Amino acid sequence: MTTRNSTTQPSVVFNELFRNFAPPRPVTPWRWVEKDEAWRGELDLPGFAKEEVKVSLDKERVLLIEAKQPEPAEGEERDFTRSEATYRVRLPREADAEKLEAKLENGVLQVTIPKLTPDSQIARHIELN
């Protein structure tokens with residue numbers, strides 16, 4: 001009869017092999033900065049023209065960025081692989097969705113999400129008619 005110690009059991013050996021292994025973390029393409037008056041985000045969209053990028057806001061306050069390049073003409077080759085990209089960002093409650101701004105410059109989408117002013121966040125009394 002053979003006895004196994006903890007270093008020869010398959011599960012222990014397997015666990016030891018992968019002890020320091022961690023799956024890669026998802027990389028967010030956004031870079032965000034929070035200022036007193038707004039959040040500013042940058043998203044790299046190299047190779048996309050302004051006409052190929054659509055920025056919209058749905059009624060659940062989700063900012064949707066869709067970038068899509070047209071299919072290449074017959075026989076035309078592309079020297080890149082990405083021709084579509086979609087990103088979603090839920091706006092914070094304190095965001096002023098009416099004043100949202102976006103611009104695409106040199107392959108970088110810049111989004112500015114202004115914060116509501118303290119005056120607009122104050123509770124108020126509503127008169128009954």
Side-chain angles (χ1 to χ4, degrees):
M1 176 169 144
T2 54
T3 58
R4 293 184 182 197
N5 64 27
S6 63
T7 59
T8 60
Q9 290 185 5
S11 62
V12 173
V13 172
F14 181 83
N15 289 341
E16 190 61 29
L17 282 172
F18 292 99
R19 181 171 52 102
N20 293 322
F21 175 77
R25 290 181 161 180
V27 177
T28 178
W30 284 98
R31 294 176 300 283
W32 288 101
V33 174
E34 182 175 1
K35 302 284 185 178
D36 290 339
E37 71 285 349
W39 293 274
R40 291 199 172 82
E42 290 186 344
L43 173 65
D44 292 332
L45 292 172
F48 288 99
K50 183 179 177 180
E51 302 77 33
E52 298 167 339
V53 178
K54 179 181 159 190
V55 179
S56 59
L57 184 66
D58 70 14
K59 56 186 167 186
E60 277 84 37
R61 298 174 54 90
V62 174
L63 182 66
L64 177 63
I65 292 95
E66 298 173 291
K68 185 172 183 174
Q69 294 176 325
E71 293 296 319
E74 187 71 31
E76 183 182 349
E77 289 187 26
R78 289 188 174 165
D79 57 350
F80 53 89
T81 57
R82 189 168 96 169
S83 62
E84 284 186 45
T86 302
Y87 301 96
R88 289 177 177 80
V89 176
R90 181 172 303 280
L91 296 186
R93 223 177 304 142
E94 304 83 17
D96 189 346
E98 299 297 318
K99 296 181 181 172
L100 212 141
E101 297 177 4
K103 71 177 181 176
L104 183 67
E105 193 172 277
N106 298 322
V108 178
L109 178 68
Q110 299 171 348
V111 176
T112 302
I113 305 170
K115 293 181 180 180
L116 290 169
T117 61
D119 295 340
S120 63
Q121 295 179 1
I122 296 174
R124 61 187 177 100
H125 178 76
I126 302 188
E127 294 293 326
L128 296 176
N129 293 327

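If you're wondering where the values come from, they're calculated on a predicted model, not measured in any experiment.
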What I'd like to find out is whether the side chain of [X] reaches to under 4.5 Å of the side chain of [Y], using heavy atoms alone.
X	Y	answer
Val55	Val111	no
Glu60	Arg90	yes
Arg88	Thr86	yes
Leu43	Pro29	yes

Using 0.5 Å steps for rounding, measure from the [atom1] atom of [X] to the [atom2] atom of [Y].
X	Y	atom1	atom2	answer
Glu105	Lys50	CD	NZ	10.5 Å
Thr112	Glu37	OG1	CD	9.0 Å
Asp58	Leu91	CG	CG	9.0 Å
Glu34	Ile113	CD	CD1	10.5 Å

Can you give me the closest heavy-atom contact between [X] and [Y], atom names plus distance?
X	Y	result
Pro70	Glu52	CD-OE2, 3.3 Å
Arg61	Ala95	NH2-O, 3.0 Å
Leu116	Arg93	CD1-O, 4.0 Å
Lys68	Phe48	N-CE2, 3.8 Å
Pro114	Ala38	CA-CB, 3.7 Å
Leu57	Leu63	CD1-N, 3.7 Å

Joint hydrophobic cluster, [X] plus [Y], side-chain heavy atoms closer than 4.5 Å:
X	Y	result
Leu104	Trp30	yes
Tyr87	Trp32	yes
Val108	Val53	no
Leu64	Leu109	no

| message | Check this for me, if you would: do Lys115 and Asp36 make a salt bridge, where the nitrogen-to-carboxylate-oxygen distance has to be below 4.0 angstrom? | response |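 No salt bridge links Lys115 with Asp36.
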